[in-house]
Amino acid sequence: MLLPELKTAYSELIGMPSISSVNPELNLSNRPVVERLANWFADAGFKTEILPVAGRPDQVNLVARIGPVDQADGLVLSGHTDTVPCNPELWQSDPFTLTERDGRWYGLGSADMKGFFALILEALRGIDVGQLQRPLTVLATADEESGMDGAKSLVSAGLELGSYAVIGEPTSLVPVRMHKGILMERIRLLGQSGHSSDPGLGSNALEGMHAVISALLALRNELQARHQHAGFSVPVPTMNFGHICGGDNPNRICGDCELALDLRSLPGMDIPELREQLRQTARQAISERDLKIEFDTLFDGVPAVETAADARLVQYCQQLSGQTAEAVAYCTEAPFLQRMGLETVVFGPGSINQAHQPDEYMDLGQIDPAVGMLRQLVQNFCIADLHS
Ligand SMILES: [Zn+2]
């Protein structure tokens, strides 16, 4: 195998900017990263396929597979190739140059999570791929940090890649088996402005929004009464009113008002259903008023995810790490991989506390254990006799 040294591979990945953003001015293609990965994994003997992302001509996913790929079982190691945007002026060193300092590798994507692919390559050095009894698949996705378009596109493609998936997001090598889901929505009320001295001269959107908020608070109470999960530090679904604006002058009837909110769901709650419930509640609240209502989907949503505590992959990752699987407060591609029929755990080196921050780094102390755990995962799920 002509694979690059770990630090070389790591540096090259950090050196290829692959920022994804809902702001088109910041958004970059992830193709250079995916093509580099495809070359490396091809050199390692993998069959590689670069797949288009529906509706996103500049974005691609990589599926690289090795072993008896016609078999249904097998392990998927998955990560995203994009990073969040950064503010280079707040960094101590260039975010796109892997820089070693104080036992750490600094760089954008060092923990979250381009470095993970370099660790997989490193782990492969210790694995005899000729021994694989079940396929090993490496998934490298696009757009995780923005709309998760890459993962959504994989689900639509209906790929069958195996039975188990580990997503190497930075969890400090503690297995994560659940997180909440999220959706974001904006509600706009359009009334009629007029002189404040006579309410009959207009239709007050702000008063309408007051009714909408009251109704949504009632919906929130109802959701929280119906859904609880002790595995989460905030054990109920939440609804946050994050932004409101409307009207202009105290002596004018408020002609328009808008409210932006997020809703964080528990496993088992359906995102499209929740959005519909939200909209229905808002519509009903103003049905007697002379107001127009509009909705904007600010974030389509990511479902919550839960992999059973006694699932084989959860149990194995707990055994590997010596840590009990937990819940986290951020979203991942796990629900999409789960839809592809994969039992999924989020489990990777580096800390989420460094992700999305200036001076993001990978603690070098995490690297050897991570490489060792990756080798054991492949050994256990792709080589060892599963039923022994
Ligand atoms: Zn990430």
Side-chain angles (χ1 to χ4, degrees), residues 1-14 36-48 62-69 71 73-79 81 98 100 103-105 109-111 113-140 161-175 312-323 342 345-350 362-386 388:
M1 272 194 279
L2 295 161
L3 291 180
E5 291 301 318
L6 172 63
K7 192 172 182 182
T8 308
Y10 222 107
S11 309
E12 287 189 29
L13 292 170
I14 301 302
R36 186 71 51 95
L37 290 172
N39 288 338
W40 288 336
F41 283 101
D43 286 346
F46 283 66
K47 255 187 67 184
T48 62
L62 172 69
V63 179
R65 311 195 73 199
I66 195 166
V69 293
Q71 288 208 23
D73 226 336
L75 177 69
V76 175
L77 299 175
S78 183
T81 56
L98 189 73
E100 186 167 338
R104 296 164 174 176
W105 281 349
S110 56
M113 58 168 292
K114 289 195 279 186
F116 181 63
F117 298 107
L119 299 183
I120 298 173
L121 286 167
E122 185 64 18
L124 285 171
R125 286 182 211 283
I127 295 165
D128 178 0
V129 291
Q131 300 278 307
L132 295 173
Q133 302 297 310
R134 291 168 293 282
L136 171 63
T137 302
V138 175
L139 258 190
L161 299 176
S163 303
Y164 305 95
V166 171
I167 301 178
E169 293 276 7
T171 67
S172 303
L173 293 173
V174 176
R312 179 160 179 259
L313 182 59
V314 172
Q315 293 284 317
Y316 189 72
C317 291
Q318 291 188 154
Q319 185 189 318
L320 269 185
S321 62
Q323 308 272 352
L342 296 156
V345 168
V346 186
F347 182 49
M362 170 61 67
D363 190 322
L364 293 182
Q366 296 258 291
I367 287 183
D368 283 346
V371 169
M373 289 181 201
L374 283 170
R375 284 186 185 137
Q376 292 193 66
L377 279 163
V378 175
Q379 172 66 34
N380 188 68
F381 287 88
C382 299
I383 298 176
D385 182 354
L386 282 186
S388 62

Minimum heavy-atom separation for [X] and [Y], please, with both atom names.
{"X": "Leu13", "Y": "Ala118", "value": "CD1-N, 4.0 Å"}
{"X": "Gly109", "Y": "Ile14", "value": "C-CD1, 3.6 Å"}
{"X": "Asn380", "Y": "Arg312", "value": "ND2-NH2, 3.3 Å"}
{"X": "Leu75", "Y": "Leu77", "value": "CD2-CD2, 4.0 Å"}
{"X": "Ala44", "Y": "Ile66", "value": "O-CD1, 3.7 Å"}
{"X": "Arg134", "Y": "Gln71", "value": "CG-OE1, 3.9 Å"}

side-chain contact (heavy atoms from CB on, under 4.5 Å) between Leu124 and Phe41, intermediate numbers included: CA-CA 10 Å; Leu124 285 171; Phe41 283 101; 3.9 Å; yes
Once rounded to the nearest 0.5 Å, what's the spacing between atom [atom1] of [X] and atom [atom2] of [Y]?
{"X": "Phe347", "Y": "Leu320", "atom1": "CZ", "atom2": "CG", "result": "5.5 Å"}
{"X": "Leu119", "Y": "Leu6", "atom1": "CG", "atom2": "CG", "result": "6.0 Å"}
{"X": "Arg65", "Y": "Leu139", "atom1": "CZ", "atom2": "CG", "result": "9.0 Å"}
{"X": "Met113", "Y": "Met362", "atom1": "CE", "atom2": "CE", "result": "9.0 Å"}
{"X": "Phe46", "Y": "Leu37", "atom1": "CZ", "atom2": "CG", "result": "11.5 Å"}
{"X": "Met373", "Y": "Gln366", "atom1": "CE", "atom2": "CD", "result": "8.5 Å"}

Check whether the ring centres of Tyr164 and Tyr316 lie less than 6.0 Å apart, and answer yes or no. no
List the steps and the verdict of side-chain contact (heavy atoms from CB on, under 4.5 Å) for Trp105 and Ile367. CA-CA 10 Å; Trp105 281 349; Ile367 287 183; 3.6 Å; yes
Sidechain-backbone polar pair: Arg375 side chain, Ala123 backbone, donor-acceptor under 3.5 Å: yes
Heavy-atom side-chain contact between Thr48 and Val63 under 4.5 Å: no
Does the side-chain contact (heavy atoms from CB on, under 4.5 Å) test come out yes or no for Cys317 and Leu377, once each step is laid out? CA-CA 8 Å; Cys317 291; Leu377 279 163; 4.2 Å; yes
Run the side-chain contact (heavy atoms from CB on, under 4.5 Å) check on Thr81 and Leu62 step by step: do they pass? CA-CA 9 Å; Thr81 56; Leu62 172 69; over 6 Å; no
Should we count NZ of Lys47 as having more than 12 external heavy atoms under 6.0 Å? no
